[in-house]
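Lettering follows sequence order; numbering is per chain, from 1. Predicted model only: the values in this text are computed from it and were never measured.
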Protein chains: 2
Amino acid sequence: MRYPDDSLIALKENGYRLTATREAVNKVLYDHKGPFTIEMVSDALPGIGRATIFRTVRLFQDLGIICRVNMEGGAVRYQLASTGEHHHHFICTVCGVVTEFIDAHIDQAVNRQAQGADFELNSHTIDLYGVGSCCSKK
Amino acid sequence: MRYPDDSLIALKENGYRLTATREAVNKVLYDHKGPFTIEMVSDALPGIGRATIFRTVRLFQDLGIICRVNMEGGAVRYQLASTGEHHHHFICTVCGVVTEFIDAHIDQAVNRQAQGADFELNSHTIDLYGVGSCCSKK
DNA sequence: TAGCAATTTGATATTAAGTATCAATAAGGA
DNA sequence: TCCTTATTGATACTTAATATCAAATTGCTA
Ligand SMILES: [Zn+2]
Ligand SMILES: [Zn+2]
Ligand SMILES: [Zn+2]
Ligand SMILES: [Zn+2]
């Protein structure tokens, strides 16, 4: 998912209707970039009900358009997924920016662990917390 | 952290007071075993205020006695850490049981990723979701 | 072991994330 | 255009968690 239209295409392809509300939310996400909370989207779109924002964000998650990110301490952020691919997160604990990475090597090791433990793996998450180059005081 | 007393020792060692409330919460956790919610602890200890349960659970987390586990979908569970060591989680999405594993190989790869990305890593979490041997219908 | 300062607690209020309900509205295919 | 179905908004509700602050408890020490 790279361009705003990709979201709208994903909606149609999956049998969801293309509504003004969903377009508006999508626009906010692409205009904003970076991590966001439901509050931020809601504030940016005063005409749209909170419940609908939640619904839309969840739908976009299901479509792989955005990821949900658990911050340290339990707060939740969402962010546009740069692609629909499986990936992991660098989470800057200073500014909140989330960067994605892919590591086939780690994924292999994860699968191996699951096999060794007789665990039928369905999904996994890997989150790295620290200070990104965005905020490092070199 | 293996025995109930370990928690009490950890409290003292870190300059926290050993109170009846903390002992009571600790006992509930060790008697119960397995994952728990704040509700469960609160129900088991009607005489203790909710806020104090939260405070105690957070304190025990800080001391490495329990882990917080994010379930798929965002629900939160806590569970006694079998040791104070760094570890990762198998999370059975059927029954909710959380099993720990340690994998130095993965941790190395994680550190390598962080170095390569100029990311000053402070901590990380790895959670595997699926069906454990506890619930596999072989 | 009585006294005291500092920590901890409970009650209460509040914030925040998220879901449930349901009538009214909008989308899109025929 | 019409009609069925999906979507929305308002509202209420649930659950997790934090803030406040006076009252109770702890650990220490004189
Ligand atoms: Zn940053
Ligand atoms: Zn992976
Ligand atoms: Zn299970
Ligand atoms: Zn690790």
Side-chain angles (χ1 to χ4, degrees), chain A residues 5 7-29 35-63 65-79 96 98, chain B residues 5 7-29 35-63 65-79 96 98:
Chain A
D5 281 355
S7 311
L8 312 181
I9 292 167
L11 284 172
K12 302 215 77 173
E13 279 180 350
N14 289 275
Y16 295 100
R17 291 182 179 174
L18 184 44
T19 69
T21 296
R22 285 169 182 166
E23 284 192 77
V25 171
N26 190 239
K27 181 163 169 25
V28 169
L29 304 191
F36 60 89
T37 63
I38 299 289
E39 284 316 303
M40 291 182 203
V41 182
S42 193
D43 289 350
L45 298 168
I48 296 179
R50 272 181 71 79
T52 299
I53 308 271
F54 272 102
R55 280 187 284 238
T56 306
V57 166
R58 184 161 33 130
L59 176 57
F60 280 17
Q61 267 184 97
D62 293 343
L63 294 174
I65 295 164
I66 61 183
C67 324
R68 183 193 153 107
V69 181
N70 295 312
M71 307 299 285
E72 273 181 321
V76 173
R77 294 286 172 79
Y78 299 90
Q79 184 166 312
V98 177
Chain B
D5 280 356
S7 313
L8 313 180
I9 292 165
L11 284 172
K12 300 216 79 172
E13 279 180 349
N14 288 276
Y16 295 100
R17 291 184 178 174
L18 182 44
T19 69
T21 296
R22 285 169 180 165
E23 284 193 76
V25 171
N26 190 240
K27 180 163 172 24
V28 168
L29 304 191
F36 61 89
T37 62
I38 299 289
E39 285 315 302
M40 290 181 205
V41 182
S42 194
D43 290 350
L45 298 168
I48 296 179
R50 274 183 70 79
T52 300
I53 308 272
F54 273 100
R55 281 187 284 237
T56 307
V57 166
R58 183 161 36 128
L59 176 58
F60 280 17
Q61 268 185 95
D62 294 344
L63 294 174
I65 296 165
I66 63 184
C67 325
R68 182 193 155 105
V69 180
N70 294 313
M71 305 300 283
E72 275 182 321
V76 173
R77 294 287 173 78
Y78 299 89
Q79 183 167 311
V98 178

Under 4.0 Å from OP1 or OP2 of D/dT8: is there any side-chain N or O of A/T21 that close? yes
What contact category does A/R55 fall into here, base, sugar-phosphate, or nothing, at under 4.0 angstrom with non-hydrogen atoms? base
Phosphate OP1/OP2 of C/dA26 contacted by A/R22 side-chain N/O (<4.0 Å): no
Between A/L59 and A/R50, whichever has its closest DNA chain D nucleotide further toward 5' is A/L59
What is the distance, rounded to the nearest whole Å, between atom CZ of B/F54 and atom P of C/dT8? 19 Å
B/I48 atom CD1 is separated from C/dG10 atom P, nearest whole Å, by 6 Å
Given D/dA17, D/dA19, C/dA17, the nucleotide with the shortest approach to the side chain of A/E39: C/dA17
Any donor and acceptor pair, going by atom type alone, linking the side chain of B/Q79 with main-chain N or O of B/V69 inside 3.5 Å? no
Can you tell me which nucleotide in D/dA6, C/dG18, D/dA17 comes closest to the side chain of A/R17? D/dA6
Trace of the side-chain contact (heavy atoms from CB on, under 4.5 Å) decision for B/L11 with B/R22: CA-CA 9 Å; B/L11 284 172; B/R22 285 169 180 165; 4.0 Å; yes
Minimum-distance nucleotide (side-chain atoms of B/A51 versus D/dT11, C/dT8, C/dA11): C/dA11
Scan A/G47 against the nucleic acid and name what it touches under 4.0 Å (heavy atoms): base, sugar-phosphate only, or nothing. sugar-phosphate
Evaluate B/T52 against B/R55 for side-chain contact (heavy atoms from CB on, under 4.5 Å), listing each step before the verdict. CA-CA 5 Å; B/T52 300; B/R55 281 187 284 237; 3.1 Å; yes
Think B/T52 has a side-chain N or O under 4.0 angstrom from the OP1 or OP2 of C/dG10? yes
OP1 or OP2 of C/dA17 sitting under 4.0 Å from any side-chain N/O of A/T37? no
Looking at C/dG28, I'd like to know if its phosphate oxygens (OP1 or OP2) sit under 4.0 Å from a side-chain N or O belonging to A/Y16. no
From C-beta outward on B/R68, which listed nucleotide comes closest to its side chain: D/dG9, D/dA17, C/dT19? D/dA17
Please give, in whole Å, the distance from D/dA16 C1' to B/Y78 OH? 8 Å
